[in-house]
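See below for the structure under consideration.
All values below come from the heavy atoms of this structure, side chains included, with hydrogens, waters and symmetry mates left out. Everything numeric here is computed off the predicted structure, so don't read it as measured data. For ligands, and for the atoms within them, numbers begin at 1 and follow the listed sequence.
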Amino acid sequence: MSHTPPAPVPGRLAHRVALITGGARGQGAAHALRLAGEGASVILADVLDDEGRRTAEELCSQGLDAAYVHLDVSAPDDWQRVHELLDARFGRLDILVNNAGIVQVTDLADQSLEGWNRILAVNLTGAFLGMRTMLPLLRASSHGAVVNTSSVFGPSGAVGYAAYAASKAGLLGLTRTAALEFAPAGIRVNALVPGGVSTPINAQEPDGGVVPETPLGRRADPSELAAAVAYLVCDDASFVTGTELVVDGGFRTR
Ligand SMILES: NC(=O)c1ccc[n+]([C@@H]2O[C@H](COP(=O)([O-])OP(=O)(O)OC[C@H]3O[C@@H](n4cnc5c(N)ncnc54)[C@H](O)[C@@H]3O)[C@@H](O)[C@H]2O)c1
């Protein structure tokens, strides 16, 4: 089924500084393209350094403002280094998109503790560290907005995804709590809840996985998630905080 990719709203995020974790590829790269296309200065952070640099260079070659930094979201020292870098260069952070995530499909009975801990460390602790470390810079913004990328598998659960689903459900509680605690500083915190999205993770099974259970009959293009992120971080969503934006082609309504 074809669809027209959503287009950026020029200038809507002018003069905003955005940090996107997992920005080297997939949804993170689409978020970077969209936010930069709306005028933001975008910092892509990832552990895939070559791919991340290439993605940033591609954006710059289109006349957009983008740069790449190495950041393992599970490493507190990496967050501190990126905090110092942003502080020195901009003195604030307007937009934080905690998008980095990993998945490992294993029945609960066979899930190793090591694998469980790694998934929680990246998907859940990564977002906690990001918000805790960047809070002083978000406070320095008059438009502070955070998006945490959950998944429909968080609320629903899914066979083979115990650690992943737990991490993504945990992100929803973390998001609501951060929204409450950050509201007095005018910082909004919301969760993005994607259904199936066409990214390198599931390139091997274009019509498999969640597609048969998705009423719209396809996975999302990453640009469709990027449009939702752009909405959540821009002033059109100025009264939206502590909520979940579900972008799943109807998966949850089955
Ligand atoms: N693709 C889907 O169907 C789908 C559905 C729901 C939710 N999600 C979530 O969307 C987010 C983006 O995933 P995607 O679909 O673009 O997949 P992806 O694998 O293409 O992108 C994930 C990115 O995160 C990066 N990353 C992994 N570990 C990291 C770490 N420790 N520190 C920094 N970066 C790290 C990867 O290198 C990669 O660039 C993830 O949180 C994922 O769980 C994806």
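Rounding to the nearest 0.5 Å places OG1 of T175 at 13.0 Å from CZ of R188. From R92, atom CZ reaches atom CG of D87 across 11.5 Å, with rounding to the nearest 0.5 Å.
Judged purely by atom type and a 3.5 angstrom limit, N190 has no side-chain atom pairing as donor or acceptor with the backbone of V147. The main-chain N or O of T21 is found under 3.5 Å from a side-chain atom of N99 such that the two form a donor-acceptor pair.
Ionic pairing of D248 and R254 is not present here: no N-O contact between side-chain nitrogen and carboxylate oxygen is shorter than 4.0 angstrom.
The contact shell of ligand 1, taken as protein residues with any non-hydrogen atom closer than 4.0 angstrom, comprises G22, R25, G26, Q27, D46, V47, L48, L71, D72, V73, N99, A100, G101, I102, R118, V122, T149, S150, S151, Y164, K168, P194, G195, G196, V197, T199, P200, I201, N202.
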Give the table of side-chain donor-acceptor pairs shorter than 3.5 Å for residues 227-234, with sequence neighbours excluded, one pair per line with atom names and distance.
none

